[in-house]
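Everything quoted here is computed from the prediction, not taken from an experiment. All heavy atoms count here, side chains included; hydrogens, waters and symmetry mates do not. Within every chain, numbering begins at 1; the chains are lettered A, B, ... in the order of the sequence lines, protein sequences first and strands thereafter.
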Amino acid sequence: MVVGERKPFDEITRMLEGHKKVLVLGCGGCVTVCLTGGQDEVRVLSSQLRMARDKEGNPLEIIEKTVERQCDPEYIDEVQSLVPEVDAVLSMACGAGVQFMAERYTGTPVYPALNTSFVGGSKKEGYYVERCQTCGECKLYYTAGICPIARCSKSLLNGPCGGSTKGKCEIDPEVDCGWQLIIDRLESLGQMDRYEEIMAICDWRSNRDGGPRKMIREDFQR
Amino acid sequence: MSGEIKTDSNLEKILKSGQFAVTGECGPPRGADPEVIRKKCGLLKSNADAFNITDNQTSVVRMSSIASAVIMMQEGLEPVMQMVCRDRNRIAIQSDVLGGAALGIKNMLCLSGDHQKFGDHPQAKNVYDIDSIQLIHTVRQMRDEGKFLSGEEIKGVPRLFIGAAENPFADPFAIRVPRLAKKVAAGVEFIQTQCIFNLNKFKEWMKGVVDRGLHEKVYVLGGVTPFKSFGMARYMAKNVPGMDVPEELLERMKGTPKEKQAEEGITIAVETIHQLREIPGVAGVHIMAIEWEEKVGEIAQKAGLLPRPTV
């Protein structure tokens, strides 16, 4: 899932300066799962904003709403009647959701309430970790299911740098050396021969370097 | 190991003549004053066969490796231009390889580079488009096949003697020899190791290197760094990732009166060199006297490595 963190409250209030009525729009997708942008968070942020603005003697009217997914036209159509009522939308979706809203509702400013952090998963509730940098050319076959691009701090493809100590990365003793994990798993699977193959230079065109990416399922086109 | 001389590098000639090679290191200044390098060159000259010019080491901005190397050559010393993958993509790397070679640089060391987190610009976006092994392969392809990574022909191939680093003390230890094997397969010609303090571990690694016959395909230069003080030894032991300083060396430095610690550090370095010379497969030493360039000559002298041969 896409993991996002809520922006600092001060930054959000600065974005809303000058606005009188806003739509705080949650997303029922990934950010609900990682507890940063769903219905509950919409409620909490809206209350905080109301209180802060009341304290200033500059009340803010808020419409609260959460849709299934903001990265899907079908679902953001649902707020079509609400958007004209407000002078800005504060989206609690990831960056994709914010942009889908901005593209759909061109006449209204759409602001992000979250910082979109990474593609990852939850180790346990409230604890999320990065696992993929969406390079577009999955190498997990060669690396025992552990991604060197996402998990090595230097994204090295051919083994650990000289800074790996006791299984930890040189940048932080709390961070696992991605390559130590790869080697340990290759060893346990009896696949160490895969380490000895030189991994070729990456074709980053499948990453963002080829411009914004798209995927078209021809069978769904009309 | 012998073989055809591929470049005009003095270091290559020394190594291929079978003589025990010595390399040193010079950190460029954090400014545009060339005199800083000229002064260091005065201290280093004739004390080693070639001298590494570091490339923004520890991710701190310094004068560029290529420019510093050219100043070094003006002073009559042979540089080893270091190049890290942190700051350049494959286009900039190949461009700098051509530029360095055109300016007369004859040796290049291929490194991934320290992470920017440690430097003076931790906010920087790193590159790491390719890694050190892929960099070795790139330079080798440029030199021996006369081709860019794109496959297009190079008009005027760069003739560089190709080196890399290896850290026998980093984890996981099990892949430290296979990792060298990958560098050899990629085309590296000489290796400078991380600073050696734990000689037993280094011997264990070298045995693995020799058992695989890698010492017949690559020249291994053991890294030697003198401690200036007990404080420095302790710092290296505790704070430098991938560094292995045994307790007995720390005790030895600690037990030496403060005013004699620098001398003791030099003695340890000299002893280390004597031991390295006895280890099968070691082709030379790389003396890294960090910001202590004036001591390289003394260490080399005491280790019986001077005068340096001419080839």
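Counting non-hydrogen atoms of other residues, nucleotides and ligands closer than 6.0 Å to NZ of A:K139 gives a total above 12. A 6.0 Å sphere centred on CZ of A:R205 holds no more than 12 heavy atoms belonging to other residues, nucleotides or ligands. No more than 12 heavy atoms of other residues, nucleotides or ligands sit less than 6.0 Å from atom CD of A:E5. Residue B:F118 qualifies as enclosed at atom CZ: its count of foreign heavy atoms under 6.0 Å is above 12. More than 12 heavy-atom neighbours from other residues, nucleotides or ligands sit within 6.0 angstrom of CD on B:E291. Crowding of A:E56 atom CD: a count of heavy atoms from other residues, nucleotides or ligands under 6.0 Å exceeding 12. Residue A:E187 places its CD atom among more than 12 non-hydrogen atoms of other residues, nucleotides or ligands, all under 6.0 Å distant. The neighbour count for B:I91 CD1, taken as heavy atoms of other residues, nucleotides or ligands under 6.0 Å away, does not exceed 12.
B:L149 touches chain A through its side chain: at least one heavy atom from C-beta onward sits under 4.5 Å away, while N, CA, C and O do not. Residue B:R176 touches chain A through its side chain alone, counting heavy-atom pairs closer than 4.5 Å. Interface remark: B:D171 contributes backbone and side-chain atoms alike to the contact with chain A (heavy atom separation under 4.5 Å). At a 4.5 Å heavy-atom cutoff, the contact between A:E197 and chain B is made by backbone atoms alone. For a residue to count as touching a neighbouring chain, one of its non-hydrogen atoms must lie under 4.5 Å from one of that chain's; by this rule A:I198 touches chain B with backbone and side chain alike. Both the backbone and the side chain of B:A186 come within contact range of chain A, with heavy atoms under 4.5 Å apart. Neither the backbone nor the side chain of B:D244 has a heavy atom closer than 4.5 Å to any heavy atom of chain A. With a 4.5 angstrom heavy-atom cutoff, A:K168 does not touch chain B via any of its atoms. Only the side chain of B:T138 comes within contact range of chain A, with heavy atoms under 4.5 Å apart. Residue B:A174 touches chain A through its side chain alone, counting heavy-atom pairs closer than 4.5 Å.
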N/O donor to acceptor pairs below 3.5 angstrom from side-chain atoms of residues 154-161 of chain A, sequence neighbours left out:
| residue | atom | partner | partner atom | Å |
| --- | --- | --- | --- | --- |
| A:K154 | NZ | A:E170 | OE2 | 3.4 |
| A:K154 | NZ | B:G113 | O | 2.7 |
| A:S155 | OG | A:I149 | O | 2.9 |
| A:N158 | OD1 | A:M199 | N | 2.7 |
| A:N158 | OD1 | B:K182 | NZ | 3.0 |
| A:N158 | ND2 | A:M199 | O | 3.2 |
| A:N158 | ND2 | B:D131 | OD1 | 3.4 |
| A:N158 | ND2 | B:D131 | OD2 | 3.0 |

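Counting heavy-atom pairs closer than 4.5 Å to chain A, the top residue among B:L111, B:D129, B:I130 is B:D129. The choice from B:S132, B:S112, B:P168 that makes the most heavy-atom pairs within less than 4.5 Å of chain A is B:S112.
The distance from the OG atom of A:S153 to the CD atom of B:Q116 is 9.0 Å, given to the nearest 0.5 Å. Residue B:I175 holds its CD1 atom at 4.0 Å from OH of A:Y195, rounded to the nearest 0.5 Å. The CD1 atom of A:I171 sits 5.0 Å away from atom NE2 of B:H115, with the distance rounded to the nearest 0.5 Å.
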>> The test is side-chain contact (heavy atoms from CB on, under 4.5 Å); show your working for B:R90 and A:W204 and say whether it passes.
In response: CA-CA 11 Å; B:R90 67 194 75 181; A:W204 293 108; 3.3 Å; yes
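Proximity of a side-chain donor or acceptor of A:T165 to a complementary backbone N or O of B:G242 within less than 3.5 Å is detected.
A salt bridge is defined here as a Lys NZ or Arg NE, NH1 or NH2 lying under 4.0 Å from an Asp or Glu carboxylate O, and B:R212 with A:E196 meets this definition.
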